[in-house]
2 protein chains.
Amino acid sequence: MARPKAYDGTAMLDRAMEVFWARGFDGTSIQNLVGKTGVNRGSLYGAYPDKRALFLASIRRYLELVVEDNVRRLLAVEPAGDAVRQFFLQLVEAPPERLRRGCLLTNSAVELGMEDAQVAALIRGAFRRVEQVFCARLVEAKRVGQLTDGVQPEALARLLITVLQGIRVMSRVGADRVAMRDAVKSALSGIKTAATHAYASGRGAARHSGHSKSGRTRRARAKQVVPVR
Amino acid sequence: MARPKAYDGTAMLDRAMEVFWARGFDGTSIQNLVGKTGVNRGSLYGAYPDKRALFLASIRRYLELVVEDNVRRLLAVEPAGDAVRQFFLQLVEAPPERLRRGCLLTNSAVELGMEDAQVAALIRGAFRRVEQVFCARLVEAKRVGQLTDGVQPEALARLLITVLQGIRVMSRVGADRVAMRDAVKSALSGIKTAATHAYASGRGAARHSGHSKSGRTRRARAKQVVPVR
DNA sequence: TTCATTATAGAATAACCGTTCCAAAATGCA
DNA sequence: TGCATTTTGGAACGGTTATTCTATAATGAA
């Protein structure tokens with residue numbers, strides 16, 4: 001019936017998201033978007049009413065792709081305390097250009113949070129989501145004795161989402177990696193590693209010997225973890 | 001010899017700094033600056049070669065006024081641990097509009113950190129400065145027994161500067177104050193209050209009874225603080 | 001008072017912004 | 001093979017941007 005689209009809507013959105021991620025909302029011109037997506041001006045305005053709508057869609061796409069991937073990684077590791085620790089270690093050890101790019105949510109929070117209520121609400125929701133995943137895993141960690149006495153999962157989760165944002169800011173100006181490692185170390189000081197703990201309690205002779213074939217071993221041991229004192 | 005200036009250079013810079021603080025670099029037009037400072041276009045360009053130079057000067061002014069004031073407040077309180085704690089409590093309990101405005105350094109780090117090396121270096125330096133003040137006070141706190149065993153002053157200082165940035169981001173999107181309080185509580189969990197400690201060790205009957213007239217009392221008691229266990 | 005010098009106010013400039021518009025191209029159905 | 005319909009590429013538009021330029025005003029020294 002009609003002429004078919006020459007572009008893929010999802011691919012276009014992904015590219016747009018990357019441009020906004022790298023250059024910010026104000027820093028991205030329609031020309032930039034046309035160039036990076038390969039999609040024409042008219043087609044862009046055919047798909048979205050204006051620049052802001054495309055930006056909002058980009059943020060939502062970011063939530064689907066990046067944030068949910070982070071959530072998955074947080075949920076994939078056992079025991080729970082190690083999942084949280086590993087998450088932050090990977091963050092801090094990421095390649096420099098990855099760190100410099102920062103996070104679309106952090107960048108947008110700072111750039112538009114004060115003037116665009118809808119953007120602010122979207123980002124606030126994402127922060128809460130991650131905080132709750134942190135919290136869930138920390139509750140679990142507490143249950144298996146991976147939290148130092150007196151550490152409250154919710155309060156620590158709220159520290160962690162804050163530290164995550166702080167690292168995004170620091171790495172934007174090329175902060176020292178060693179300093180960020182220290183920050184993470186302090187933030188995670190209330191979380192015991194399963195390995196260390198098993199070692200400390202003299203139970204794990206072959207602790208952390210690479211990949212355990214069964215997959216049950218790690219989990220099973222995690223459930224055995226008990227507070228030291 | 002020549003016509004005298006009709007404006008005060010320092011006052012002009014202060015106003016410019018406030019505009020950049022509130023609206024960011026890209027978000028601030030020369031027109032905005034002319035309006036808010038009351039100084040004419042030509043005079044602006046007479047004082048600074050271009051917008052970026054005025055922005056750099058604004059950041060340096062911010063360091064003098066705001067950052068150094070924070071440093072002073074961190075150094076003014078005794079004992080050291082309480083200074084750090086009070087600093088973060090005041091931060092989190094600030095009025096909403098003050099929180100929303102955020103920090104010029106945080107905002108600029110995110111907006112320009114990736115593309116302007118000079119801005120990035122300036123901000124990195126400021127972060128380091130505050131980190132070192134944190135560290136100095138934490139070393140002091142450790143000396144008087146205000147740090148939980150095993151807490152390393154430097155590592156904790158690096159957490160604190162990161163948390164400070166994180167809170168700046170969170171508050172930009174209007175994050176829940178309760179959540180920020182929790183984050184701070186967790187971040188400060190390794191620092192004991194002198195009051196609590198004195199109380200716990202049964203030494204402080206008249207602890208914190210308003211203003212002590214001598215000024216020596218608080219300081220003297222602070223030096224008596226000793227680890228609990 | 002007259003002159004040299006600088007500040008001032010605002011017009012002018014050229015580039016770029018987001019958005020709109022339009023003619024040409026490309027398709028599936030009749 | 002036409003026709004209806006939609007995409008496409010790019011020109012056009014009005015507004016804003018940072019910066020430059022110019023004519024005028026204001027001053028202290030001579």
Side-chain angles (χ1 to χ4, degrees), chain A residues 1-59 61 104 107-108 111-112 114-119, chain B residues 1-59 104 107-108 111-112 115-119:
Chain A
M1 190 86 121
R3 175 175 174 174
K5 298 185 179 181
Y7 67 92
D8 172 32
T10 305
M12 186 262 270
L13 183 55
D14 287 350
R15 307 297 287 273
M17 180 197 79
E18 284 165 12
V19 182
F20 282 128
W21 190 351
R23 309 173 58 110
F25 179 76
D26 277 329
T28 302
S29 70
I30 303 288
Q31 199 67 271
N32 290 148
L33 292 167
V34 169
K36 294 285 181 181
T37 61
V39 175
N40 197 269
R41 258 181 154 67
S43 306
L44 278 182
Y45 278 91
Y48 299 90
D50 55 21
K51 186 185 172 186
R52 182 170 170 275
L54 176 53
F55 180 75
L56 284 170
S58 296
I59 289 198
R61 184 73 177 143
L104 177 60
N107 302 350
S108 306
E111 186 184 2
L112 305 169
M114 217 178 53
E115 53 193 0
D116 192 319
Q118 201 175 343
V119 169
Chain B
M1 190 85 124
R3 175 174 174 175
K5 297 184 180 181
Y7 66 92
D8 173 32
T10 306
M12 185 262 267
L13 183 54
D14 286 351
R15 308 296 288 274
M17 180 198 79
E18 284 164 12
V19 182
F20 282 128
W21 190 352
R23 310 172 57 108
F25 179 77
D26 277 331
T28 302
S29 70
I30 303 289
Q31 199 66 269
N32 290 148
L33 292 167
V34 169
K36 295 285 182 181
T37 62
V39 176
N40 196 271
R41 259 181 153 67
S43 305
L44 277 181
Y45 278 91
Y48 300 91
D50 55 20
K51 186 184 172 186
R52 182 171 170 275
L54 176 53
F55 180 75
L56 285 170
S58 296
I59 290 198
L104 176 60
N107 302 349
S108 306
E111 184 184 3
L112 306 169
E115 52 192 357
D116 192 317
Q118 202 175 342
V119 169

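Proteins come first, then strands; the chains are lettered A, B, ... in the order of their sequence lines, and each starts at number 1. When reading the values below, keep in mind they use all heavy atoms of this one structure, side chains included, and skip hydrogens, waters and symmetry mates.
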Round to a whole Å and report the spacing from CG of B:Asn40 to P of C:dT8.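 After rounding, the reported distance stands at 7 Å.
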For the pair made of CG in B:Leu44 and C1' in D:dT20, what is the distance, rounded to whole Å?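 Rounded to whole Å, this separation is 14 Å.
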Test item: B:Ser29 side-chain N/O and B:Asn32 main-chain N/O as donor-acceptor pair under 3.5 Å: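 Yes, B:Ser29 side chain to B:Asn32 backbone: donor-acceptor pair under 3.5 Å.
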Under 3.5 Å donor-acceptor, A:Glu111 side chain and A:Gly24 backbone: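 Checking the backbone N and O of A:Gly24 against the side chain of A:Glu111, no donor-acceptor pair under 3.5 Å is found.
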Do the side-chain N or O atoms of B:Ser43 get closer than 4.0 angstrom to the phosphate oxygens (OP1, OP2) of C:dA7?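 It does not, given that no N or O in the side chain of B:Ser43 lies less than 4.0 Å from OP1 or OP2 of C:dA7.
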Value rounded to 0.5 Å, distance of [atom1] in [X] from [atom2] in [Y]:
X: A:Ser58; Y: A:Arg15; atom1: OG; atom2: CZ; answer: 12.5 Å
X: B:Tyr45; Y: B:Leu54; atom1: OH; atom2: CG; answer: 9.0 Å
X: A:Asp26; Y: A:Phe55; atom1: CG; atom2: CZ; answer: 9.5 Å

Could you list, one pair per line, each protein nitrogen or oxygen that sits under 3.5 Å from a nitrogen or oxygen of nucleotides 12-18 of chain C, together with the distance?
from	atom 1	to	atom 2	distance (Å)
C:dG18	OP1	A:Thr28	O	3.2
C:dG18	OP1	A:Lys51	NZ	2.7
C:dG18	OP2	A:Ile30	N	2.8

